[in-house]
Amino acid sequence: MRIGVYPGSFDPFTIGHLDVLKSAVGLFDVIYVAVLNNSAKHPVFSVEERQEMIIKAVSEEHLENVRCGVFDGLLVDYAASVGASYIIRGIRTTTDFEYEFQINALNRHLSESIRTVCFMASPGHSFLSSSNVKEIGQYGGSIEGLVPQCNEYFIRERLARQ
Ligand code: PNS
């Protein structure tokens, strides 16, 4: 079985994240979207909210072989716990590449068998990040087309109350 883990803060899950997931889905038997539970990052959305939004988006897209989990601690330990040998990541810019390059080396140091597979973001998503979505939403701007439509109302209402 080819099992992958797609980790991130997903605060919130964007259409850029969904695009990476859709690119990866055919290459793996199972993908675990793994939400980082790290309060030190001061997420806007609770880990339950983030997980719920991902499950909704995945279900709308009929991505049958995708599961959603939560982890804290080391990513390689979570990957081992679900039997995954691959980490899936998206790259938008050369800055992302530098970061992924370093994290890959550290993860390989921690677990020799783990491999990272990176997908290039679609050109239309190269500007998109969860932080941008939060900033736009908090100032009352439109987040239409930036997050999965099924989560747009919830995210907009939540950010407006920040
Ligand atoms: O998309 P993000 O929010 O930048 O994701 C970062 C993430 C979750 C992939 C990274 O912070 C992570 O793997 N954290 C878990 C801690 C860990 O394993 N660290 C070892 C590598 S430094």
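Atoms within each ligand, like the ligands themselves, are counted from 1 in listed order. Keep in mind it's a predicted model, so treat the numbers as computed, not measured.
Residue F71 touches ligand 1 through its side chain alone, judged by heavy-atom distances below 4.0 Å.
Atoms of ligand 1 lying under 4.0 Å from any heavy atom of K41, numbered from 1 in the order shown and given with element: 3 (O). Per-residue contacts place L75 under 4.0 angstrom from the following atoms of ligand 1 (heavy atoms of the residue considered): 13 (O), 17 (C), 18 (O). Every atom of ligand 1 is numbered from 1 in the order shown, and the set under 4.0 Å from a heavy atom of G73 is 15 (C), 16 (C).
The closest side-chain heavy-atom distance from N65 to D29 is not below 4.5 Å. Side-chain contact between R67 and V30 is present, with heavy atoms from C-beta onward closer than 4.5 Å. Between L21 and F13 there is a side-chain heavy-atom pair separated by less than 4.5 Å. With contacts defined as side-chain heavy-atom distances shorter than 4.5 Å, the pair E152/E144 qualifies. Side-chain contact between Q149 and E60: absent, with no pair of heavy atoms (C-beta onward) separated by less than 4.5 Å. Inter-residue side-chain proximity for E52 and F154 is flagged as unmet; no heavy-atom pair is nearer than 4.5 Å.
Between the CZ atom in R50 and the CG atom in L36 there is a gap of 7.0 Å [rounded to 0.5 Å].
Of the candidates N107, I103, L106, the one placing a heavy atom closest to atom 20 (C) of ligand 1 is N107. Counting only non-hydrogen atoms, the option in L36, I87, D77 that gets closest to atom 8 (C) of ligand 1 is L36.
In this structure, atom 10 (C) of ligand 1 lies nearest to the protein heavy atom Y99 OH, 4.1 Å. Among protein heavy atoms, atom 19 (N) of ligand 1 sits closest to L74 CD2, 4.0 Å. When hydrogens are left out, the protein atom nearest atom 7 (C) of ligand 1 is R89 NH1, 4.4 Å; that is the closest non-hydrogen contact. Given atom 3 (O) of ligand 1, the protein heavy atom at minimum distance is S9 OG, 2.7 Å.
The shortest separation from a heavy atom of A34 to ligand 1 is not under 4.0 Å, leaving the residue out of contact.
Remark: atom 16 (C) of ligand 1 lies closer than 4.0 Å to at least one protein heavy atom.
In this structure, the side chain of R89 does not engage the main chain of T116 through any donor-acceptor pair within 3.5 Å.
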